[in-house]
> 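Can you keep this structure in mind? I'll have questions shortly.
Just so you know, ligand 1 is whichever comes first in the structure, and atom 1 is the first atom listed for that ligand.
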Amino acid sequence: METSETRIPAPTVAELDATRIASWRRALIDKVAKRASFRTELIDVPESFVRYLLADGVACGEEDASLPKRIAQDAFDAKESAERFGEGCEEDDAGDADATAREAFENFTREIGAAIERLGGEVAPKFAWSAPKDATWVTAGNTMKCRNADEVVLLLKASDSVTHDLTEAYRACADYVVDEKEDEEDRAVREHANTALALREWYDLNPSMEFRCFVKTYNLVAVSQRHVNDFYEFLLREKEEIEEAIAEFFENEISKHYTGRDYVFDVYVTPKTHKVKIMDFNVWGGTTLPLLFDWNELESRGSDQDCVPEDERGWTDNVEFRVIQSQGHIRPGLQLGVPFELYDTSEGGAISEFIAMEEQRRRETNNQ
Ligand SMILES: Nc1ncnc2c1ncn2[C@@H]1O[C@H](COP(=O)(O)OP(=O)(O)OP(=O)(O)O)[C@@H](O)[C@H]1O
Ligand SMILES: [Mg+2]
């Protein structure tokens, strides 16, 4: 567990850039990504969309396909819909620049729509580094599944993780130099001039089969269950087989093609066949969550050698694989939405203690 003494390693700007979804996909597309990842389309993000994401408020128009149809016109009128992509531009700046921004935004949403169709009609979006998983409350099914461009736009706009990508992500880097005098929005536009939005074909994933893998000095050193708010009993039985599948995947695919030294990658393992699919790359340290490990122990697991010979890379002989061992070991997480004490029903937890105290109090009252 993280303590105040935990030292979180800081990545470099180059390492962070390598984990942009567009970067790693383009680097691996002819090697591993196509056959071992989800079908994905990348769409260049125009400046007008970056400015729209950073502007205050969410406006949904009458024709907005992300919401159920309304019968009568109401506060959201069609004019607002037509104007929403102009947000972030000066109000009286209605000239050529505005028209170009509007056109770029329209082309962008058209491209999203076309890509969704090519991907079978349902997608999971992802911005530079982050999926809008914190914003599923705006969608009808409480998932990231999007069926049209309006749903994608709404989800991205409502996501703090996406805003973090735009304004904060580089601040975690050791070598990032920020000019505090530069306007935040202009800085985001500059830093995201080449950002691509990724649309991934939707799969109904089984969350128990998602794992986070930690690579230190080119070797796989740790694997953690990805969703640490749940206990999956069967993982205790299947652990070894899953570890073997992940290790083989790392040796044959990832380690040969990903050039980083220390990094983290996420995989999905298909439930029955144990085929491994790459889901994402993340930096070592920074804002990457270490899940069932902490950064101190992860740091201590790899070699500190500066120069590791080629034949000492891609090893998997010293991997620690952690899954939640019992219901009582569930760790607090963002997804709970309530303090952990209100969720933890294990023995010795706050709820059991409260119930024991309450029973004691009742017994004492009855005996009086
Ligand atoms: N193609 C897909 N279909 C359905 N769900 C998906 C798909 N791709 C990803 N997901 C779900 O979205 C979650 C988040 O995806 P991803 O790991 O790309 O986001 P992230 O923002 O990089 O997360 P983190 O901040 O933990 O690194 C995954 O754990 C998975 O449950
Ligand atoms: Mg990630």
> Flag the pair Leu205 / Met279 as yes when at least one side-chain heavy-atom distance between them is below 4.5 Å, and no otherwise.
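The answer is yes; the side chains approach within 4.5 Å.
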> With no hydrogens and no angle check, is any side-chain donor or acceptor of Glu297 less than 3.5 Å from a backbone partner on Asp294?
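Yes.
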> Membership question, hydrophobic clusters at under 4.5 Å side-chain separation (ILVMFWY): are Leu42 and Val50 in the same one?
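Unlinked, Val50 and Leu42 end up in two clusters.
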> Please write down residue, atom name and distance for the protein heavy atom closest to atom 11 (C) of ligand 1.
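For atom 11 (C) of ligand 1, the nearest protein heavy atom comes out as Met144 CE, 3.9 Å.
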> With atoms numbered from 1 as shown, which atoms in ligand 1 lie under 4.0 angstrom from a non-hydrogen atom of Trp129?
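Every atom of ligand 1 under 4.0 Å from some heavy atom of Trp129: 21 (O), 22 (O).
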> Of all the non-hydrogen atoms in the protein, which one sits nearest to atom 15 (O) of ligand 1, and at what distance?
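Atom 15 (O) of ligand 1 sits closest to the protein heavy atom Arg200 NH2, 3.5 Å.
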> Angle between ring planes, Trp129 versus Tyr170, binned at 30° and 60°: parallel, tilted or perpendicular?
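If you compare the ring of Trp129 with that of Tyr170, the planes turn out perpendicular.
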> When the ring planes of Phe211 and Phe321 are compared, do they come out parallel, tilted or perpendicular, using 30° and 60° as the limits?
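Phe211 and Phe321: perpendicular rings.
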> Considering only protein heavy atoms, which is closest to atom 20 (P) of ligand 1, and at what distance to one decimal place?
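Sorting protein heavy atoms by distance from atom 20 (P) of ligand 1 puts Lys126 NZ, 3.5 Å first.
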> Return the closest protein heavy atom for atom 26 (O) of ligand 1 as residue, atom name and distance.
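Minimum-distance protein heavy atom for atom 26 (O) of ligand 1 reads Arg226 NH2, 2.8 Å.
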> Looking at ligand 1, does any of its N/O atoms fall within less than 3.5 Å of an N/O of Asn282?
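Indeed, backbone or side chain, Asn282 has an N or O that close.
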> Output, in order, the C-alpha distance, side-chain angles, deciding distance and verdict of salt bridge (Lys or Arg N to Asp or Glu O under 4.0 Å) for Glu47 and Arg51.
CA-CA 6 Å; Glu47 174 181 334; Arg51 292 196 187 276; 2.9 Å; yes
> As a check for students: among Asp134, Val162, Leu205, Thr19, identify the option with a heavy atom nearest to atom 10 (N) of ligand 1.
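Of the listed residues, Leu205 has the closest heavy atom.
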> Around atom 25 (O) of ligand 1, find the nearest protein heavy atom and jot down its residue, atom name and distance.
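Nearest protein contact, heavy atoms only, for atom 25 (O) of ligand 1 is Lys133 NZ, 3.3 Å.
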> Would you mind running through ligand 1 and noting each atom that sits below 4.0 Å from a heavy atom of Glu201?
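So the atoms of ligand 1 that pass are 1 (N), 2 (C), 3 (N).
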> Taking just the N, O or S atoms of Asp280, which one is nearest to the Mg ion (ligand 2)?
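The closest N, O or S atom of Asp280 to the Mg ion (ligand 2) is OD2.
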> Honestly curious: do Phe265 and Tyr258 fall in one hydrophobic cluster under the side-chain, below-4.5 Å linking rule?
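Yes, it is one cluster - the side chains of Phe265 and Tyr258 are joined through contacts under 4.5 Å.
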> Which of these, Lys126, Arg212, Lys277, sits in a salt bridge (Lys or Arg N to Asp or Glu O under 4.0 Å) with Asp266?
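For Asp266, the salt bridge (Lys or Arg N to Asp or Glu O under 4.0 Å) test succeeds with only one of Lys126, Arg212, Lys277, which is Arg212.
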> In plain terms, say whether Arg171 and Glu180 are close enough for a salt bridge, that is, a side-chain N and a carboxylate O under 4.0 Å apart.
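Result for this pair is yes, salt bridge flagged.
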> Check ligand 1 against Glu210 and write out every atom of the ligand that is under 4.0 Å from a heavy-atom position of the residue.
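It comes down to these atoms of ligand 1: 28 (C), 29 (O), 30 (C), 31 (O).
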> Is the closest heavy atom of Tyr268 to ligand 1 under 4.0 Å?
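Distance cut 4.0 Å: Tyr268 fails for ligand 1.
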> Does even one non-hydrogen atom of Arg212 get within less than 4.0 Å of ligand 1?
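Contact present.
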> Got an N/O contact under 3.5 Å between Ala131 and ligand 1?
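Indeed, backbone or side chain, Ala131 has an N or O that close.
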> Between Asn282 and the Mg ion (ligand 2), is there a contact where an N/O/S atom of the residue lies under 2.8 Å from the metal?
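A backbone or side-chain N, O or S atom of Asn282 is under 2.8 Å from the Mg ion (ligand 2).
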> Could you state whether Leu166 and Val283 fall into the same hydrophobic cluster, counting links through intermediate Ile, Leu, Val, Met, Phe, Trp or Tyr residues with side-chain heavy atoms under 4.5 angstrom apart?
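Each belongs to a different hydrophobic cluster.
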> May I ask you to list the atoms of ligand 1 that are less than 4.0 angstrom from any heavy atom of Met279?
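Under 4.0 Å from Met279, ligand 1 has these atoms: 8 (N), 9 (C), 10 (N), 28 (C), 30 (C).
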> Closer than 4.0 Å to some heavy atom of Ser130 - which atoms of ligand 1 meet that?
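Checking each atom against Ser130, I get 21 (O).
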> What residue and atom, counting heavy atoms only, is the protein's closest point to atom 3 (N) of ligand 1, and at what distance?
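Going atom by atom, the protein heavy atom closest to atom 3 (N) of ligand 1 ends up being Tyr203 N, 3.0 Å.
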> Angle class for the Trp295/Phe214 ring planes (parallel below 30°, perpendicular above 60°, tilted otherwise)?
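Ring orientation of Trp295 relative to Phe214: perpendicular.
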